[in-house]
Amino acid sequence: MITLNNIHVTFAPGAITEKKALQGVNLRIQEGEFVTVIGSNGAGKSTFLNAIAGEVLPSQGSICVDDKDVSKLPTHARADLVARVFQDPLAGTCADLTIAENMALALQRGKRRGLSWALKHNTRDLFYQTLKKLDLGLEDRLDTLMSLLSGGQRQAVSLLMATLSPLKILLLDEHTSALDPKTGAYVMELSQKIITEKQLTALMVTHSLHQALHYGTRTIMLHEGKIIYDVSGPERASLTAQDLLKQFGRSIDDDRLLLQGG
Ligand SMILES: Nc1ncnc2c1ncn2[C@@H]1O[C@H](COP(=O)(O)OP(=O)(O)OP(=O)(O)O)[C@@H](O)[C@H]1O
């Protein structure tokens with residue numbers, strides 16, 4: 001379970017540019033929940049994921065994963081708990097390394113063993129079997145440079161890499177928004193499958209209201225650094241993107257959300 005208790009994140013405190021990005025976020029996420037996160041530009045969605053990942057430390061409040069208080073732990077100290085896939089397919093992988101080398105790096109996340117260990121110890125077979133599940137033929141291209149893959153292929157591999165080592169929490173930060181609709185749908189289905197199979201707790205930021213309601217088990221809306229809506233269960237199941245627009249149109253001053261609302 002993830003517990004966020006009164007989380008505040010303020011950038012440039014005291015300066016003229018001070019920005020209160022999160023203002024008292026309280027949330028309890030049960031193990032296995034898949035929470036989709038929506039909100040207009042600047043609502044605090046990425047900061048919210050950054051706080052869970054440890055990339056920004058809250059100026060106030062606490063974050064616990066199960067009984068462990070991780071509030072003050074930087075990203076690398078949470079690597080055995082949290083993994084993330086970013087919007088930019090180039091961000092999660094190393095272009096100049098091969099698929100196998102990238103996966104070897106992912107395998108040693110949060111561990112002390114070196115890259116050569118991860119490449120030596122029968123891991124090629126593991127990489128082969130893992131990639132085969134994608135059905136993209138990448139299992140036969142283990143020695144291909146990552147830079148030669150398409151955006152969708154890279155994002156699919158990024159997802160596999162993020163979930164290769166044991167973890168509890170998967171953070172997806174608009175991870176399909178740079179892909180064409182068909183590839184985005186493929187990566188989204190793959191995400192849902194991996195989350196279910198590995199029984200992960202997941203949070204996904206999306207600018208698509210349809211995606212936010214179609215995938216996952218719970219949806220929260222952020223506005224000016226606060227959670228203004230939190231829905232799950234039957235209420236969420238009967239909700240449409242149009243309902244959200246009708247109810248929160250004024251808080252959703254985001255063209256991308258409005259355009260993709262249907
Ligand atoms: N490192 C930073 N330094 C200063 N201000 C920041 C920083 N990161 C974010 N902010 C500000 O905090 C607010 C929340 O930003 P955040 O990126 O979390 O919003 P968001 O909901 O993810 O927006 P978008 O949908 O546009 O990506 C914004 O006003 C942003 O400009």
Asp66 side chain to Met1 backbone, donor-acceptor under 3.5 Å: yes
Under 4.5 Å side-chain linkage, directly or through intermediates, the cluster mates of Ile16: none
Side-chain (Thr240) to main-chain (Asp243) donor-acceptor, under 3.5 angstrom: yes
Set of residues satisfying side-chain contact (heavy atoms from CB on, under 4.5 Å) with respect to Ala162, sequence neighbours excluded: Ala83, Val85, Leu170
Sequence neighbours excluded - side-chain hydrogen bond (donor to acceptor under 3.5 Å, both in side chains) pairs with any residue from residues 154-164: Thr93-Arg154
Leu190 CG to Leu136 CG distance, which is reported to the nearest 0.5 Å: 8.5 Å
Pairing of Lys45 and Glu174 as salt bridge, 4.0 angstrom limit: no
Nearest-0.5 Å distance, CG of residue Leu179 to CD of residue Gln87: 9.5 Å
Close side-chain approach of Ser40 to His223, heavy-atom, < 4.5 Å: yes
Pairwise distance CZ(Phe11) to OG1(Thr47) - rounded to 0.5 angstrom: 4.0 Å
Please list every donor-acceptor pair under 3.5 Å in which a side-chain atom of residues 2-10 meets a protein atom from a residue at least two apart or in another chain.
| residue | atom | partner | partner atom | Å |
| --- | --- | --- | --- | --- |
| Asn6 | OD1 | His8 | NE2 | 3.2 |
| His8 | NE2 | Gly24 | N | 3.4 |

Nearest heavy-atom neighbours spanning Ser165 and Ala106: OG-O, 3.1 Å
Pairs meeting criterion salt bridge (Lys or Arg N to Asp or Glu O under 4.0 Å) with involvement of residues 200-223, two or more places apart: Glu33-Arg218, Arg218-Asp230
Side chain to side chain contact (heavy atoms under 4.5 Å, CB included) partner of Met188, the single match among Lys193, His175, His214: His175
Listed partners of Ala178 passing side-chain contact (heavy atoms from CB on, under 4.5 Å), at least two apart: Pro89
Point-to-point distance, once rounded to the nearest 0.5 Å, from CG of Asn102 to CG of Leu164: 11.5 Å
Partners passing ring-ring contact (aromatic ring centres under 6.0 Å, His included) against Tyr128 (at least two apart in sequence or in another chain): none
Partner residues of Glu235 under the salt bridge (Lys or Arg N to Asp or Glu O under 4.0 Å) criterion, sequence neighbours left out: none
Under 3.5 Å: donor-acceptor pair, side chain of Thr206, backbone of Ile38: no
Evaluation steps, side chain to side chain contact (heavy atoms under 4.5 Å, CB included), between Ile29 and Ile169: CA-CA 10 Å; Ile29 305 169; Ile169 303 164; over 6 Å; no
pair Leu171-Asn50: side-chain heavy atoms closer than 4.5 Å: no
pair Arg124-Asp143: side-chain heavy atoms closer than 4.5 Å: yes
Under the salt bridge (Lys or Arg N to Asp or Glu O under 4.0 Å) test, residues paired with Asp96 that sit two or more places apart: none
Set of residues satisfying salt bridge (Lys or Arg N to Asp or Glu O under 4.0 Å) with respect to Lys20, sequence neighbours excluded: Glu18
Donor-acceptor contact below 3.5 Å, side chain Gln192 vs main chain Tyr215: no
Criterion side chain to side chain contact (heavy atoms under 4.5 Å, CB included) on Val65 and Val82, from CA distance to verdict: CA-CA 10 Å; Val65 178; Val82 188; 5.6 Å; no
side-chain hydrogen bond (donor to acceptor under 3.5 Å, both in side chains): pairs with one or both residues in residues 194-203, sequence neighbours excluded: none
Student check: side-chain heavy atoms of Thr36 and Arg236 closer than 4.5 Å: yes
CA sep, side-chain torsions, deciding dist, call: Arg141, Gln153, side chain to side chain contact (heavy atoms under 4.5 Å, CB included): CA-CA 12 Å; Arg141 299 176 65 190; Gln153 288 171 332; 4.1 Å; yes
Min side-chain heavy-atom separation Leu73-Ile63 under 4.5 Å: no
Residues forming a salt bridge (Lys or Arg N to Asp or Glu O under 4.0 Å) with Arg78, sequence neighbours excluded: none
Gly152 to Val187 - nearest heavy-atom pair and separation: O-CG2, 4.1 Å
Test side chain to side chain contact (heavy atoms under 4.5 Å, CB included) applied to Thr219 and Leu209, step by step: CA-CA 10 Å; Thr219 298; Leu209 295 181; over 6 Å; no
